[in-house]
Every structure is written in C-alpha cells, then in structure tokens.
Amino acid sequence: MSSMQDRGYEAVIGIEVHVQLKTKSKMFCADSTIFDSGDNENTSPVSIGMPGTLPVINKTAVEYSIKTGLALGCQIREKSVFSRKNYFYPDLPKGYQISQYDLPLCEKGSITFKVDGKDKTVGITRAHMEEDAGKSNHHGDYTLINYNRAGIPLLEIVSEPDIRTPQEAAEYGRTIRQVVRYLDVCDGNLEEGSLRCDCNVSVRKIGAEKFGTKVEIKNINSFRFVEKAIEYEIDRQIDLVDRGEKIIQETRLYDPDKNRTFSMRTKEDAQDYRYFPDPDLLPVIVPKQLIEKLRSELPELPRDRALRFQNDQGLPEYDALVLTTERELADYYEETAKTCKNFKASSNWVMTEVLRELNQANKDITQCPIKPAQLGKMIQLIESGAISGKIAKTVFTEMWQSGKEPEVIVKEKGLVQISDTSAIEKIIDEVLSANTAQVADYRGGRTKLFGFFVGAVMKASKGQANPDLVNKILLEKLKG
Ligand code: ADP
Ligand code: MG
C-alpha cells in the first residue's frame with residue numbers, strides 16, 4: 001500500500017460481485033438449486049438449452065433482487081428488460097446467457113462501511129439479474145460438464161471505480177456479503193461459489209485524472225485473496241508503467257499458492273456480445289406498491305444497527321461492529337441485554353466467552369447451547385450480587401455443558417456468593433491467625449501482601465466470598 005504511494009501511484013478499483021440468490025428453483029425454470037445434488041441431477045430441457053423450450057421468470061428471484069437493490073440505496077426500475085448476451089462456452093448450452101443490459105433492475109446506489117476506523121462510501125453503478133452458467137470440470141485430456149448450476153439466479157452488483165486500496169476492496173466485499181446475509185437472499189458461502197468477486201484494477205500517477213487501462217481479475221473466492229490479488233496486480237502494473245510498457249486490457253486469474261495473477265484471455269467489449277432483448281421474455285414490470293412493500297420488509301441493516309448499538313445503548317464502536325457482523329449474533333446480544341438490562345455486560349459476555357467457546361467448538365451462534373435469556377439471567381445474578389464474576393465463569397461453563405438454567409446450577413452446586421459479613425469475618429479471622437508472620441510484615445509496611453490475603457480468603461471460601469466485602473473487611477482488620 002505505502003509502496004504504491006511511495007512510487008507515486010494510486011490504484012483505481014471497481015468490483016463486480018455475483019450473488020447467487022437463495023431461491024428453491026432456478027431463474028427461468030423449476031429445477032432445484034440444491035448444491036449437494038448429484039451431477040446433472042438439477043437439469044431439465046430449459047436449463048440445458050433444448051430448442052423450443054421457453055423461460056419463465058422466477059418471481060422470488062426478482063423480489064430478492066429488489067430487496068438487495070433497496071438495501072444498497074438503489075433506484076428500482078419499474079420496467080426492466082432481460083437481454084441475451086451471446087458467447088460460446090461449453091457450459092453455456094444455449095450459446096447465450098440471459099442477463100440484463102441497458103435496462104437493469106437496480107441502479108445508482110451506494111454503500112458505506114468502515115476501513116481502518118474511517119467511513120468509506122462506494123457507489124453502486126447497477127445491480128442486474130442474470131442466470132449462472134454450468135461448471136466445466138477438467139480431467140487431464142477430457143472435460144466433464146455439470147449443468148446443475150446452469151440457470152441458477154444471480155444478481156450482479158457492479159460498483160463504481162471508487163475503491164482505492166486492496167484493503168478497501170476486501171472490506172467492500174465483506175460488506176456486500178454481510179448485507180445479502182442480513183437480507184437472507186444469499187448464503188454468502190464463498191467456497192461453494194455463492195458469492196464471487198471480479199476485481200477491476202488500474203493504476204494512475206497520483207494527481208492524474210484519467211484512469212489507466214484496467215485489468216479484470218476473475219472469480220476470487222476469499223476476501224483475503226481479493227486483497228492479495230489486488231496488491232500483486234497493482235505492483236505488476238506499476239512495474240510495467242514505470243518501464244514505459246503498455247497495460248493490456250485483459251482478464252487474469254489469481255493463483256493463491258503462487259500469490260500472483262496470470263493472463264486468462266483478452267477482454268471482450270460489450271459490442272462483442274451482441275446484446276439484444278430476449279424475445280422469449282416480456283419486460284419485468286415492478287409496481288410501485290411492490291417496491292414499497294419490499295422496502296417495508298427490509299430488516300435493520302448492519303450499519304444502522306451498529307450505529308444504534310453505539311448511540312442508544314452506549315456500546316463502543318468496536319463492540320458494535322463485532323456484534324453486528326452477523327444478524328443472528330446481533331439478535332443474540334440484544335436478546336441477552338433485554339433480559340438483564342445491561343448492554344455493556346451483555347456485549348462483554350457475548351464477545352469474549354460466547355464467541356470464544358463457539359470458535360473452539362467450531363459452531364455458529366445459531367448452534368449456541370446457551371440461550372440468550374439464560375445468559376441474561378446469569379448476568380442478572382452477578383448484578384444482584386448473588387454470584388461473583390468468578391463464580392459466573394463456572395456457571396457459564398456448566399450452562400454450556402448441561403444447558404441448565406443458571407439459578408439451578410447455582411443452587412445444585414452451592415455456588416451462592418457469601419455476602420454475609422459475619423461469615424466473611426470468620427473466614428478472614430481464620431486466615432489471619434494462620435498467617436501471623438505475614439500479618440506482622442504487612443503492619444510493618446509490606447502492604448504489597450494485601451493481595452496474598454485476598455487470595456487466601458477467596459481460596460478458603462472456595463471462591464464464594466463477595467470480593468468487595470472481602471477487600472473492605474480485610475483492610476479494616478489489617479489496620480490492627
Ligand atoms: P466492462 O464492460 O469491461 O465489464 P464496465 O464499465 O462494466 O466494464 O466496468 C466493470 C467494472 O470495472 C466496474 O466495477 C467499474 O467500476 C470498473 N472500472 C471501470 N473502469 C475502470 C478502470 N479504469 N480501473 C478500474 N476499474 C474500472
Ligand atoms: Mg461489466
């Protein structure tokens with residue numbers, strides 16, 4: 001990054017994200033979209049492009065696309081058109097892909113997210129619907145084609161060339177994934193190809209207005225690789241320009257093992273595709289009422305939610321961002337806080353114990369064995385002084401293992417905090433008379449020994465003495 005600036009260059013980056021919509025059936029026919037199906041199981045005459053078949057638009061796919069467009073602040077076109085994008089590829093049996101061209105469903109939006117603590121806004125040029133192609137599996141000297149993916153609905157979200165660093169590019173991708181997962185229109189599984197990023201990269205001298213020639217890096221399947229691929233590509237392009245060589249407009253692929261990009265093909269221009277409106281499909285007419293209905297159904301989006309956690313609940317920005325990464329995690333936190341009415345304590349427990357245990361057990365928040373109301377009740381027990389923070393950790397572990405209610409665990413294990421002054425005094429007296437030498441030292445000025453006494457008392461009480469009271473009474477007694 002800094003090397004790019006040190007060398008006097010700036011990068012210009014625009015990203016195309018292909019979002020696989022989570023519909024039950026395909027974009028233009030009733031084939032299933034289940035990922036694990038057997039090879040070519042999810043096919044029909046429509047999806048393998050038999051002549052004479054006709055496409056029928058999937059209404060849910062259109063609605064999911066509109067929701068995504070609205071969440072990205074886009075205008076929704078009331079009359080959009082499907083076009084044929086003509087090209088030959090073995091996994092594209094019709095010889096064209098049904099996509100949208102000059103009249104896309106969504107356009108002119110933007111998205112704002114945090115990069116290094118600062119707000120970054122990236123314009124969304126357009127988001128259009130299209131169908132996916134099949135998948136070619138190359139085996140040495142022959143290739144097998146699986147058409148299960150052919151015809152799966154995609155929403156292609158095209159950004160403005162507003163991104164300037166590899167880090168911003170990765171954060172942009174993560175934010176798009178977060179939004180479509182909040183909307184529940186895409187599972188966001190990069191490994192299964194449910195979300196694919198094409199990164200367009202060019203460089204220009206700092207201060208120059210004109211964009212350089214762009215190179216497209218296709219199908220990168222992790223956001224870390226998005227960052228690395230772009231880093232590599234920026235360096236490669238600056239080297240070429242510095243040497244006075246030309247950048248070729250082309251499509252490149254990223255090899256994570258070698259951490260470099262290599263040329264795949266020179267890039268076609270739009271006119272090469274001979275786009276024309278698909279005569280088999282009527283324009284998509286979206287009534288205003290439908291747009292407003294879908295708008296009213298949008299969930300609170302991650303950025304709004306994070307801001308609410310900060311402004312209304314007093315959480316630090318860091319907590320708010322971590323807790324809103326996933327909608328279910330934010331729900332879990334809010335449910336916990338609803339029970340115990342302590343936002344920061346809920347946030348602390350969720351961000352540390354809950355996330356750590358989930359991580360260790362390789363589970364996500366929806367599989368958490370502790371219900372948010374149980375965690376909330378446990379926090380209430382701490383607040384009321386019934387248990388100490390230390391005992392709470394024991395209760396938490398036990399809840400995790402047994403799923404029992406916190407108050408039941410406290411009762412069964414006799415974990416109640418001792419807040420009875422005379423009981424604590426008794427323990428302290430015993431500890432002091434067993435350690436007379438240390439008491440004399442303390443009184444002679446070695447006040448550092450205080451911690452030793454606290455520890456001994458807590459141990460003698462099996463961790464159950466109220467620590468505040470222990471401190472207070474010990475101080476008094478040690479004065480002598
Ligand atoms: P194409 O027709 O080659 O796909 P588009 O104009 O549709 O090109 O742009 C594709 C993506 O490339 C968009 O995300 C856009 O923001 C980005 N882009 C366009 N020009 C440049 C450039 N000079 N450098 C980097 N990105 C660019
Ligand atoms: Mg394009």
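As the structure lists them, so they are numbered: ligands from 1, and atoms in each ligand from 1.
Checking only distances, Q249 never comes within under 3.5 Å of ligand 1, N or O to N or O. By the 3.5 Å distance cut-off applied to N or O atoms, S202 is counted among the residues near ligand 1. For the pair G212 and ligand 1, the shortest N or O to N or O distance falls below 3.5 Å.
The part of V158 lying near ligand 1 is the side chain, judged by heavy-atom distances below 4.0 Å. Neither the backbone nor the side chain of T125 has any atom closer than 4.0 Å to an atom of ligand 1 (non-hydrogen atoms only). Under 4.0 Å from ligand 1, not a single heavy atom of E216 appears.
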Let me check something: any side-chain donor-acceptor pairs from residues 111-121 under 3.5 Å, sequence neighbours excluded? List them with distances.
{"from": "T112", "atom 1": "OG1", "to": "T121", "atom 2": "OG1", "distance (Å)": "2.8"}
{"from": "K114", "atom 1": "NZ", "to": "D119", "atom 2": "OD1", "distance (Å)": "3.2"}
{"from": "K114", "atom 1": "NZ", "to": "E317", "atom 2": "OE2", "distance (Å)": "3.2"}
{"from": "D119", "atom 1": "OD1", "to": "R303", "atom 2": "NH1", "distance (Å)": "3.2"}
{"from": "D119", "atom 1": "OD2", "to": "R303", "atom 2": "NH2", "distance (Å)": "3.3"}
{"from": "K120", "atom 1": "NZ", "to": "D162", "atom 2": "O", "distance (Å)": "2.8"}
{"from": "K120", "atom 1": "NZ", "to": "E168", "atom 2": "OE1", "distance (Å)": "3.3"}

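Residue Y89 qualifies as open at atom OH: its count of foreign heavy atoms under 6.0 Å is 12 or below.
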Q. What do the steps show when you test D39 against N146 for side-chain hydrogen bond (donor to acceptor under 3.5 Å, both in side chains), and what is the final call?
A. CA-CA 6 Å; D39 292 346; N146 184 349; 3.2 Å; yes
**Q.** side-chain hydrogen bond (donor to acceptor under 3.5 Å, both in side chains) evaluation trace for S37 with N148
**A.** CA-CA 8 Å; S37 304; N148 281 351; 5.1 Å; no
Q.
If you apply the rule ring pair (Phe, Tyr, Trp, His ring centres under 6.0 Å), what do you find for F309 with Y333, and how did you get there?
A. CA-CA 10 Å; F309 286 2; Y333 151 74; 5.0 Å; yes
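Sorted by first and then second residue, the salt bridge (Lys or Arg N to Asp or Glu O under 4.0 Å) pairs involving residues 81-100 (not counting sequence neighbours) are R84-D278, R84-D280, K94-E131.
Taking every non-hydrogen atom of E160 and a distance limit under 4.0 Å, the qualifying atoms of ligand 1 come out as 16 (O). Close approach of ligand 1 to V12 is summarised as follows: ligand atoms under 4.0 Å from at least one heavy atom of the residue are 24 (N), 25 (C). Proximity to F211 (heavy-atom distance under 4.0 Å) selects the following atoms of ligand 1: 23 (N).
Each of Q100, H18, R196, R126 was checked for a side chain to side chain donor-acceptor pair (under 3.5 Å) with E156, and the lone residue meeting it is H18.
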